[in-house]
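For reference, the structure is listed below as structure tokens.
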Amino acid sequence: MRLVHKIQEVREQIKQWKKEGLTIGFVPTMGALHAGHLSLIKKSVEKCDRTVVSIFVNPIQFGPNEDLDKYPRTLEADCETAKEADLIFAPTPAEMYGEGFRLSNDYLTYVIPPYFYMDKLCGKSRIGHFDGVCTVVNKFFNIVQPDFAFFGEKDRQQLIIIRKMVKDLNIPVEIIGCPIVREDSGLALSSRNSYLTPEQKEDALALSKLLFNIKKCYKQGITDASALKETAFNYLNSHHNLEYLDFRDEDNLEEKSIIDDKTIAFIAVKIGNVRLIDNVSMKD
Ligand code: AMP
């Protein structure tokens, strides 16, 4: 595994690999790597000749009141976790956006997904978040030129938006969605779980429990979204600040009032200052 910080170093390495006819897999991350990230890296290593992992806390996808400054940065440990990868690319914000860049669309060229995909779920409260995600992912695709790119279903709205971007802009990469890795308790692994106190972590279990119960009820024949939402509220207490619980189509995020196998149940809850998201597909 080789660690580089400069775009030029990545370009040179990629050029050499392409000359050798090797396929390239790409796993974009913000670091603080855990078993969820590792599952994406392993998929890429299995499928591709070479794997590139980016570690970059992307400033343009954080809102003004979000956790950009306190987001965990653990590069040394991340290099150990990602040692199966061939190349780790950990650029600075200045390397990605230029010295003295400003977080503003009168300064940077942005890639903006369709409004219909952004005005709901996380996009509703995180204004500009998916513009920042699509812009940085597009930049990484131009730098790494991967054949395959691996994204977790943990951030399912992001995965759906990236697929849409790749299709609409004819980007020559195949997007591979990877299942959510969970603790034995059911809690979806997330770098932000490190913000939780032990009591808050207990409260956090409600998200997966509630989603798994919805799926169980659906399998028993309940398809009415409002009825399923009602069952879910039993799992929440005064520590849970529910942002949304929505049923949406797995391809285009349309709202579903009657649930079917193509439905995803999405939830976002704030516990204290920590915002947690999870989702479950009604399929399988
Ligand atoms: P992040 O570092 O949070 O930007 O995540 C980088 C990639 O890892 C994204 O594609 C995430 O969806 C994915 N990821 C994060 N947590 C998990 C998880 N628990 N299971 C599977 N994939 C995950």
Side-chain angles (χ1 to χ4, degrees), residues 25-47 51-63 66-68 70-75 77-79 81-82 84-85 88-91 93 96 121-123 126 129-141 144 146 148-166 173-196 201 204-205 207-208 211-212 250 264 266-268 274-281:
F26 176 50
V27 182
T29 81
M30 298 206 300
L33 300 184
H34 50 63
H37 299 108
L38 191 55
S39 73
L40 273 55
I41 296 169
K42 282 188 184 297
K43 270 248 168 74
S44 174
V45 168
E46 220 174 86
K47 193 172 175 68
T51 290
V52 180
V53 175
S54 63
I55 296 181
F56 181 56
V57 183
N58 176 32
I60 74 167
Q61 71 186 67
F62 286 76
E66 294 184 356
D67 56 344
L68 174 61
K70 75 166 190 176
Y71 198 86
R73 288 162 171 87
T74 58
L75 185 59
D78 289 348
C79 289
T81 309
E84 286 177 56
I88 295 184
F89 176 39
M96 288 300 281
L121 306 173
C122 293
R126 303 191 72 189
H129 170 68
F130 289 113
D131 302 355
V133 169
C134 284
T135 302
V136 80
V137 168
N138 205 46
K139 280 166 74 72
F140 279 131
F141 284 170
V144 177
F148 301 92
F150 299 80
F151 289 84
E153 291 174 352
K154 165 76 175 28
D155 300 281
R156 178 113 36 181
Q157 185 178 16
Q158 168 177 283
L159 171 62
I160 292 168
I161 288 177
I162 296 288
R163 283 193 198 285
K164 173 79 175 149
M165 173 183 82
V166 162
V173 62
E174 188 177 324
I175 303 300
I176 313 277
C178 305
I180 301 175
V181 177
R182 299 177 179 280
E183 290 186 356
D184 290 343
S185 64
L187 179 66
L189 296 188
S190 162
S191 306
R192 289 189 169 97
N193 290 352
S194 65
Y195 301 152
L196 296 168
K201 210 166 165 192
L205 299 184
L207 277 78
S208 53
L211 290 174
F212 293 150
E250 66 179 8
I264 311 286
F266 290 87
I267 190 165
V274 190
R275 188 174 175 280
L276 299 172
I277 57 170
D278 201 349
N279 69 84
V280 78
S281 162

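We count ligands from 1, going down the list as the structure has it; atoms in each ligand are counted the same way.
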Any Asp67 side-chain heavy atom under 4.5 Å of Lys70 side chain: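 Yes; the side chains approach each other to less than 4.5 Å.
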Residues Phe140, Phe26; criterion ring pair (Phe, Tyr, Trp, His ring centres under 6.0 Å); working and verdict: CA-CA 9 Å; Phe140 279 131; Phe26 176 50; 5.7 Å; yes
Any donor-acceptor pair under 3.5 Å from Asn279 side chain to Glu153 backbone: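 A pair under 3.5 Å: yes.
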Quick check: closest heavy atoms across [X] and [Y], and the distance to 0.1 Å?
X	Y	answer
Phe89	Pro91	O-CD, 3.4 Å
Glu250	Ile160	O-CD1, 3.2 Å
His37	Ala32	CE1-O, 3.7 Å

Between ligand 1 and the protein, which N/O pairs are shorter than 3.5 Å?
unit_1, atom_1, unit_2, atom_2, d
ligand 1, 2 (O), Met30, N, 2.9
ligand 1, 2 (O), His37, NE2, 2.9
ligand 1, 5 (O), His37, NE2, 3.4
ligand 1, 10 (O), Gly152, N, 2.8
ligand 1, 12 (O), Gly152, N, 3.3
ligand 1, 12 (O), Gly152, O, 3.2
ligand 1, 12 (O), Asp155, OD2, 2.6
ligand 1, 16 (N), Leu189, O, 3.4
ligand 1, 19 (N), Val181, O, 3.0
ligand 1, 19 (N), Leu189, O, 2.8
ligand 1, 20 (N), Val181, N, 2.8

